[in-house]
Amino acid sequence: MQLNHFFATRNARMKASEIRELLKLLDQPDIISFAGGIPDPALFPADEFAEAFQAALAPERQAQALQYSVSEGYLPLRQWIVAEMAKIGIVCEADNVLITSGSQQALDYLGKLFLSPGDTALVGWPTYLGALAAFNAYEPRYDRLSLTGNRTAESYTEGAEAAGSAVKFAYLSPDFANPTGETLDRAGRLRLLELADTLDCAVIEDAAYQSLRYDGAPVPPVLALELEQKASIEDCRTVYCGTFSKTLAPGLRIGWAVAAKPVISQMVLLKQAADLHTSSINQMAVHGVAAACFDEHVEQLRAVYQRRRDVMLAALEKHMPEGVAWTRPEGGMFVWMTLPEGVNGADLLARSLETEKVAFVPGQAFFADGSGQNTIRLSFSNSNHTAIEDGIARLGRLLRSA
């Protein structure tokens with residue numbers, strides 16, 4: 001029986017993730033993959049998690065670990081997050097924190113919370129593919145968020161009104177963004193807050209990579225800068241989305257959102273309807289490991305990933321032909337490449353997999369308007385130095401032939 005004609009109209013905007021499809025290539029031993037922006041599993045704190053799960057299943061705790069729980073999340077973990085947020089200038093309470101199944105779930109909830117069909121979402125050109133996937137289900141109109149040019153707030157309003165909608169939020173990842181690896185400076189973050197105040201819209205700050213800074217001076221989060229301007233978090237329009245996926249373990253799917261209590265309260269209602277609550281035992285284990293060794297573990301990650309970034313940047317300098325440009329990230333997991341005009345990233349990937357056995361992500365999927373055909377994303381986090389050097393050499397050879 002064919003049920004396609006019963007599907008809601010929103011399904012036409014939902015597409016398979018190119019990155020999730022490319023991750024299947026990791027099982028092929030002859031492929032050097034720069035595709036998935038994933039942590040190196042060799043760096044997972046596995047022993048610490050084994051101890052944490054064992055502790056969670058101790059007789060006096062196992063009922064809590066295996067039982068239903070509150071939708072807001074495990075209180076000790078939320079309290080730990082409150083203390084961590086204070087270290088980066090975000091003063092909040094446990095009631096300002098919601099535990100989610102990865103920060104991806106937070107993005108889905110925020111799209112559902114803010115967007116009616118046709119409403120305008122401001123996003124980067126390019127932006128995180130997963131954010132577009134989360135928002136697409138709620139049928140928005142996208143406009144390009146520009147914080148470095150001369151574009152006025154009025155132009156955003158006029159564009160939205162001409163489409164019969166309103167600007168609901170601006171979404172960005174200000175630190176070592178996926179996919180570009182770029183960081184928005186303090187001045188740009190302040191311009192964002194000024195724009196959001198003028199437009200009277202929300203700001204969604206995706207801070208997935210904030211802990212992974214390798215060099216350069218840290219920039220306060222957008223929410224921290226807004227708190228410098230306002231009396232409390234209850235007066236702020238920014239929603240901060242964090243995750244343990246890039247630091248401790250992605251498979252446990254533990255993320256969080258920090259915002260004013262009315263926003264968190266509405267997100268709690270969405271979570272009650274979606275999955276009731278995030279896995280209790282996973283939250284307890286993450287809290288145990290985070291409380292025991294978070295800072296030390298992240299310091300180890302920074303040391304390893306910084307060296308891999310440096311190896312990739314040196315290899316690009318050595319092997320790339322003229323006409324190819326790339327970013328030089330201060331942290332995170334990604335280098336963004338711009339190819340000569342006329343070189344299509346998707347076509348290049350097909351040739352690369354066939355002849356050079358190197359995988360990457362074509363950049364077009366990161367653009368809401370389908371542009372960016374001559375861009376690609378490279379990830380250095382899950383490849384050793386030899387694979388990085390060899391893979392970039394192969395990719396340079398392919399580009400010279402193209």
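- Residues Asp40 and Tyr305 bring no donor and acceptor atom of their side chains to less than 3.5 Å of each other.
- Residues Glu182 and Asp175 are not in side-chain contact: their nearest non-hydrogen atoms beyond the backbone lie 4.5 Å or more apart.
- More than 12 heavy atoms of other residues, nucleotides or ligands shown are found within 6.0 angstrom of CD on Gln300.
- For the side chain to side chain contact (heavy atoms under 4.5 Å, CB included) test with Thr375, the passing option among Thr338, Val343, Thr180 is Thr338; the others fail.
- Contact of the Arg151 side chain with the Asp143 side chain is registered, since non-hydrogen atoms from C-beta on lie closer than 4.5 Å.
- For the residue pair Ser71 and Gln272, the shortest heavy atom distance occurs at OG-CG, 3.0 Å.
- Looking only at distances, no side-chain donor or acceptor of His319 sits under 3.5 Å from a matching main-chain atom of Ile392.
- The existence of a salt bridge linking Arg189 and Asp185 is excluded, since no basic side-chain nitrogen approaches an acidic carboxylate oxygen closer than 4.0 Å.
- The two residues Ser33 and Ala35 come nearest to each other via the heavy atoms OG-N, 3.2 Å.
- The two atoms that bring Gly118 and Ser165 nearest to each other are O-CB, 2.7 Å, heavy atoms only.
- For the residue pair Arg253 / Ser245, a side-chain donor-acceptor distance below 3.5 Å is found, with atom types taken as modelled.
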Practice problem: Verify side chain to side chain contact (heavy atoms under 4.5 Å, CB included) between Arg394 and Leu398, making sure each step is shown before the conclusion. | Solution: CA-CA 6 Å; Arg394 297 185 196 183; Leu398 179 65; over 6 Å; no
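- Rounded to the nearest 0.5 angstrom, Asn282 CG and Ile254 CD1 are separated by 5.0 Å.
- A donor-acceptor contact under 3.5 angstrom links the side chains of Lys271 and Thr278, judged on distance only.
- Taking all atoms of both residues into account, the shortest heavy-atom contact from Gly37 to Ser381 is C-OG, 4.4 Å.
- In this structure, CG in Leu193 is found 5.0 Å from OG1 in Thr238, a value given to the nearest 0.5 Å.
- Note on Arg191 versus Glu194: no salt bridge recorded, every NZ/NE/NH1/NH2 to OD/OE distance being 4.0 Å or above.
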Exercise. Would you please test Tyr240 and Asp206 for side chain to side chain contact (heavy atoms under 4.5 Å, CB included) and show each step?
Key: CA-CA 6 Å; Tyr240 179 103; Asp206 188 343; over 6 Å; no
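- Residues Ile32 and Asp390 meet the side-chain proximity criterion, which asks for heavy atoms closer than 4.5 Å.
- Listed by chain and residue number, nothing satisfies the side-chain hydrogen bond (donor to acceptor under 3.5 Å, both in side chains) test with Arg307 (two or more places apart in sequence, or in another chain).
- Pairs of residues two or more places apart, or lying in two chains, that qualify as salt bridge (charged side-chain N to carboxylate O under 4.0 Å, His left out) and include a residue from residues 346-360 are Asp30-Lys357, Glu356-Arg397.
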Exercise. Show your reasoning for whether salt bridge (charged side-chain N to carboxylate O under 4.0 Å, His left out) applies to Arg186 and Glu228.
Key: CA-CA 13 Å; Arg186 184 188 183 100; Glu228 291 178 2; 3.3 Å; yes
Quiz item: Going through the checks in order, is the side chain to side chain contact (heavy atoms under 4.5 Å, CB included) test met by Val286 and Gln283?
Solution: CA-CA 5 Å; Val286 165; Gln283 291 184 70; 5.9 Å; no
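- For the pair Ser103 (side chain) and Cys241 (backbone), a donor-acceptor distance under 3.5 Å is absent.
- To the nearest 0.5 Å, atom CH2 of residue Trp256 and atom CG of residue Leu77 are 8.5 Å apart.
- For Ala170, the side chain to side chain contact (heavy atoms under 4.5 Å, CB included) partners two or more places apart in sequence, or in a different chain, are Leu122, Leu145, Leu192.
- Side chain of Arg302 to backbone of Gly331: no donor-acceptor contact under 3.5 angstrom is found.
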Just list the side-chain donor-acceptor pairs under 3.5 Å for residues 88-99, sequence neighbours left out, or say none.
from  : atom 1 : to     : atom 2 : distance (Å)
Glu93 : OE1    : Lys261 : NZ     : 3.0
Asn96 : OD1    : Glu93  : N      : 2.9
Asn96 : ND2    : Glu234 : OE2    : 2.8
Asn96 : ND2    : Ala259 : O      : 3.0

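- Here the OG1 atom belonging to Thr327 is positioned 8.5 Å from the CG atom belonging to Leu378, to the nearest 0.5 angstrom.
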Quiz prompt | Derivation of the side chain to side chain contact (heavy atoms under 4.5 Å, CB included) call for Ile264 and Glu72 | solution = CA-CA 9 Å; Ile264 294 298; Glu72 290 83 352; 5.6 Å; no
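- Using a 4.5 Å heavy-atom cutoff, the side chains of Asp119 and Phe135 are not in contact.
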Listed pairs under 3.5 Å, donor-acceptor, residues 47-65 side chains, sequence neighbours left out:
from  : atom 1 : to    : atom 2 : distance (Å)
Arg61 : NH2    : Tyr74 : OH     : 3.2
Gln62 : NE2    : Leu57 : O      : 3.0

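- With contacts defined as side-chain heavy-atom distances shorter than 4.5 Å, the pair Leu115/Thr120 does not qualify.
- Judged by distance alone, with hydrogens and angles left aside, the side-chain atoms of Ser352 form a donor-acceptor pair with the main-chain N or O of Val358 at under 3.5 Å.
- Between the side chain of Ser155 and the backbone N or O of Thr152, at least one donor-acceptor pair lies under 3.5 Å.
- With Arg237 contributing its side chain and Glu226 its backbone, the two residues share no donor-acceptor pair below 3.5 Å.
- One distance of note links CD1 of Ile388 with OG of Ser379; it measures 9.0 Å at 0.5 Å rounding.
- Taking the side chain as every heavy atom from C-beta outward, Tyr128 and Pro179 never approach each other to under 4.5 Å.
- Counted within 6.0 Å of CD on Glu341, heavy atoms from surrounding residues, nucleotides or ligands total 12 or fewer; the atom is thus considered open.
- Using a 4.5 Å heavy-atom cutoff, the side chains of Leu339 and Leu348 are in contact.
- When all heavy atoms of Asp275 and Ser101 are compared, the pair lying nearest together is OD2-OG, 3.4 Å.
- For Leu132 against Ala365, the heavy-atom pair with the smallest separation is CD1-O, 3.9 Å.
- At distances below 3.5 Å, not a single donor-acceptor pair connects side-chain atoms of Glu389 with backbone N or O atoms of Val311.
- Formation of a donor-acceptor pair under 3.5 Å by the Ser280 side chain with backbone atoms of Gln67 is found in this model.
- Taking the six-membered ring for Trp and thresholds of 30 and 60 degrees, Trp336 and Phe367 have ring planes inclined between 30 and 60 degrees apart.
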Quiz item: Taking it one step at a time, do Lys230 and Asp197 satisfy salt bridge (charged side-chain N to carboxylate O under 4.0 Å, His left out)?
Solution: CA-CA 12 Å; Lys230 298 178 179 177; Asp197 280 341; 3.5 Å; yes
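- Ring orientation note: the planes of Trp80 and Phe294 are nearly perpendicular, at an angle over 60° on the 30°/60° scale.
- Applying the ring pair (Phe, Tyr, Trp, His ring centres under 6.0 Å) test to residues at least two apart or on different chains, the pairs with a partner in residues 202-228 are Tyr209-Phe334.
- The closest donor-acceptor contact from the side chain of Arg377 to the backbone of Val335 lies at 3.5 Å or more, if one exists at all.
- In this structure the side chain of Arg309 reaches within 4.5 angstrom of the side chain of Asp215, judged on heavy atoms.
- To the nearest 0.5 Å, the span separating CD on Gln105 from CG on Leu110 amounts to 10.5 Å.
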